[in-house]
Amino acid sequence: METQHYHAVALLSGGLDSILAVKLVEEQGLRVKCLHFVSPFFGKPSQVRRWRSIYALDITTVDVSDDFARMLAERPQHGFGKVMNPCVDCKILMLRRARELMTQYGATFIITGEVLGQRPMSQRRDTLNVIRRDAEVRDLLLRPLSAKLLDPTPFELSGMVDRERLLAISGRGRKEQMALAERFALEEIPTPAGGCKLAERENARRYWPVLVHAPTVTAAEFRLSNIGRQYWQGAHWLSIGRHQKDNEALERFAFPGDLRFKVVGYPGPLAVGRQFNGQPWSEEVVCDAASFVASFSPKAVRDGIAVAVRVTCGETVREVQVMPARATVLGWAEDEWPVVREAIRADARARALPVHATPDDGRDGEAE
Ligand code: SF4
């Protein structure tokens, strides 16, 4: 365990704001340990080594997958944003973890790259206060980019941090950040788009049915739902590979109790059927799924005859004879976004949780 002394820990998404916030504090001669949070939904662990080198930052990866899956299963108390992004609860969760890690790094405060008014849901002044309160970091949190627009923190008052050298940025503009990036001679300006899968409709369509149908949702479920094509028939879940890489990933993320489908004698994808809590699928559902999976083998479809599909579950291997069919008797489908959006809203209403009218789009996808 690292026991080096740092003045602060920082939430570092890899987005520009988070990098600049750290640089502003380091510029004052203070040491910062950057925490890069990862989960099935966000985080770029493969980039950390590069960031260390090009931005000269001290970065550690922190996996919050299980806590995040639990928060989604219990539903975010502050609601979802425009898609399925629970930005306020997400920030609270990360700040709580950062607070726990402060002791390990000997840190006195926490830095985030939040900018007042940059996003409608999570960066309004009142929301910033709610985040600070609910994460229990009231006297621990420094937001260097907007600090001068916020109340002075204890470390500014004590002189540890020079408030005069912090900034008063607000709103959605990026001009000041770009100028700052130039001042710090950043070798590369991170692109703001595409960081958080929960903010993308395509991915929300994958995640929502998992949340609704899985009896106990874990990070492992969301990892599986990130792969290939996703189909549902009631509460039966089928993940189908699009290419070899997906097939290998499906093998990796499948549970021992899952069903594996593979057409015999034709090129075709691997498909994984999740048997929640080891509850076996009925013969009717297995055969229907096999028929559907076989329809992803163009040669099998072209031959127009019944084909064998190998169905494996643990040590048990058998074959079923089916006609390839995309439109099966039971029907496998993925809900369209408007249906999912309405389901998310109805779920929030039923639980008396906020349904945001002008929510964050999470476009920056920055866990800052
Ligand atoms: S967009 Fe950012 S803050 Fe919102 S849920 Fe995703 S990672 Fe968290």
Side-chain angles (χ1 to χ4, degrees), residues 1-3 5-13 17-18 21-22 25 30-39 41-43 60-81 85-119 121-147 149-158 160-161 163 166 196 198 219 351-354 356 360 366-368:
M1 182 188 282
E2 287 176 81
T3 51
H5 179 74
Y6 293 85
H7 295 93
V9 293
L11 272 56
L12 186 104
S13 63
D17 291 353
S18 65
V22 175
V25 173
L30 302 175
R31 293 195 64 199
V32 180
K33 168 59 89 176
C34 302
L35 308 173
H36 180 61
F37 290 93
V38 298
S39 77
F41 317 106
F42 51 76
T60 292
T61 299
V62 180
D63 191 331
V64 288
S65 302
D66 292 333
D67 288 349
F68 214 96
R70 203 170 309 123
M71 179 260 281
L72 289 175
E74 290 167 4
R75 302 296 188 270
Q77 291 308 298
H78 299 279
F80 290 110
N85 43 315
C87 293
V88 176
D89 292 78
C90 169
K91 287 178 178 177
I92 291 169
L93 184 150
M94 289 184 194
L95 283 168
R96 281 195 186 142
R97 181 63 76 84
R99 192 193 61 202
E100 286 162 16
L101 289 168
M102 283 175 67
T103 323
Q104 182 179 331
Y105 294 114
T108 307
F109 62 99
I110 303 171
I111 299 165
T112 69
E114 289 160 304
V115 169
L116 193 61
Q118 190 177 72
R119 286 172 220 151
M121 175 174 159
S122 60
Q123 298 192 357
R124 286 194 324 241
R125 186 181 288 270
D126 56 340
T127 317
L128 288 183
N129 287 336
V130 167
I131 292 171
R132 199 174 62 161
R133 182 197 68 202
D134 288 3
E136 297 174 66
V137 292
R138 190 179 287 276
D139 292 326
L140 300 174
L141 184 58
L142 182 71
R143 291 149 166 156
L145 298 177
S146 293
L149 300 171
L150 302 165
D151 292 339
T153 57
F155 5 97
E156 290 162 89
L157 293 172
S158 73
M160 177 189 269
V161 177
R163 183 174 171 88
L166 302 178
C196 177
L198 287 161
R351 293 167 189 260
L353 293 173
H356 290 280
D360 276 12
E366 292 179 354
E368 293 170 339

Legend entry - Step-by-step side-chain contact (heavy atoms from CB on, under 4.5 Å) determination, L101 to L35: CA-CA 9 Å; L101 289 168; L35 308 173; 3.9 Å; yes
Inset, instruction - Can you tell me which residue pairs pass the side chain to side chain donor-acceptor pair (under 3.5 Å) test with a partner in residues 128-140, sequence neighbours excluded? - result: H78-D134
Inset, instruction - Run the numbers on V64 and F42 for side-chain contact (heavy atoms from CB on, under 4.5 Å), then give the verdict. - result: CA-CA 10 Å; V64 288; F42 51 76; 4.1 Å; yes
Inset, instruction - Using the test side-chain hydrogen bond (donor to acceptor under 3.5 Å, both in side chains), find all partners of T108 that sit at least two apart in sequence or belong to another chain. - result: none
Legend entry - Partner set under side-chain hydrogen bond (donor to acceptor under 3.5 Å, both in side chains) for R99, not counting sequence neighbours: none
Legend entry - Residue pair D67, M71: steps toward the side-chain contact (heavy atoms from CB on, under 4.5 Å) verdict: CA-CA 6 Å; D67 288 349; M71 179 260 281; over 6 Å; no
Give, for atom [atom1] of [X] and atom [atom2] of [Y], the distance between the pair rounded to the nearest 0.5 Å.
{"X": "F80", "Y": "R75", "atom1": "CZ", "atom2": "CZ", "result": "6.0 Å"}
{"X": "L142", "Y": "R163", "atom1": "CG", "atom2": "CZ", "result": "9.0 Å"}
{"X": "T127", "Y": "I131", "atom1": "OG1", "atom2": "CD1", "result": "6.5 Å"}
{"X": "R351", "Y": "Q77", "atom1": "CZ", "atom2": "CD", "result": "9.5 Å"}
{"X": "R96", "Y": "I110", "atom1": "CZ", "atom2": "CD1", "result": "12.0 Å"}
{"X": "L149", "Y": "L128", "atom1": "CG", "atom2": "CG", "result": "10.5 Å"}

Do you know the tightest heavy-atom contact between [X] and [Y]?
{"X": "F155", "Y": "L141", "value": "CZ-N, 3.8 Å"}
{"X": "S39", "Y": "S65", "value": "CA-OG, 3.4 Å"}
{"X": "V9", "Y": "V32", "value": "C-CG1, 4.5 Å"}
{"X": "A98", "Y": "F37", "value": "N-CZ, 4.3 Å"}
{"X": "L12", "Y": "C34", "value": "CB-CB, 3.9 Å"}
{"X": "D151", "Y": "E156", "value": "O-OE2, 4.4 Å"}

Legend entry - Expected output: side-chain H7 to main-chain R31 donor-acceptor under 3.5 Å: yes
Legend entry - Donor-acceptor under 3.5 Å (R97 side chain, V62 main chain): no
Legend entry - Candidate list T112, L166, V161, test side-chain contact (heavy atoms from CB on, under 4.5 Å), partner P144, passing option: L166
Inset, instruction - Could you check E114 against L145 for side-chain contact (heavy atoms from CB on, under 4.5 Å), going step by step and ending with a plain yes or no? - result: CA-CA 7 Å; E114 289 160 304; L145 298 177; over 6 Å; no
Legend entry - Close side-chain approach of D17 and Q118, heavy atoms under 4.5 Å: yes
Inset, instruction - Please tell me if the side chains of L198 and P86 come closer than 4.5 Å, counting only heavy atoms from C-beta onward. - result: yes
Legend entry - With F41 via ring pair (Phe, Tyr, Trp, His ring centres under 6.0 Å) - residues at least two apart: F68, Y207, F222
Inset, instruction - Just jot down the salt bridge (Lys or Arg N to Asp or Glu O under 4.0 Å) partners of E74, sequence neighbours excluded, or say none. - result: none
Inset, instruction - Quick one: list whatever passes side chain to side chain contact (heavy atoms under 4.5 Å, CB included) with L157, sequence neighbours left out. - result: P152
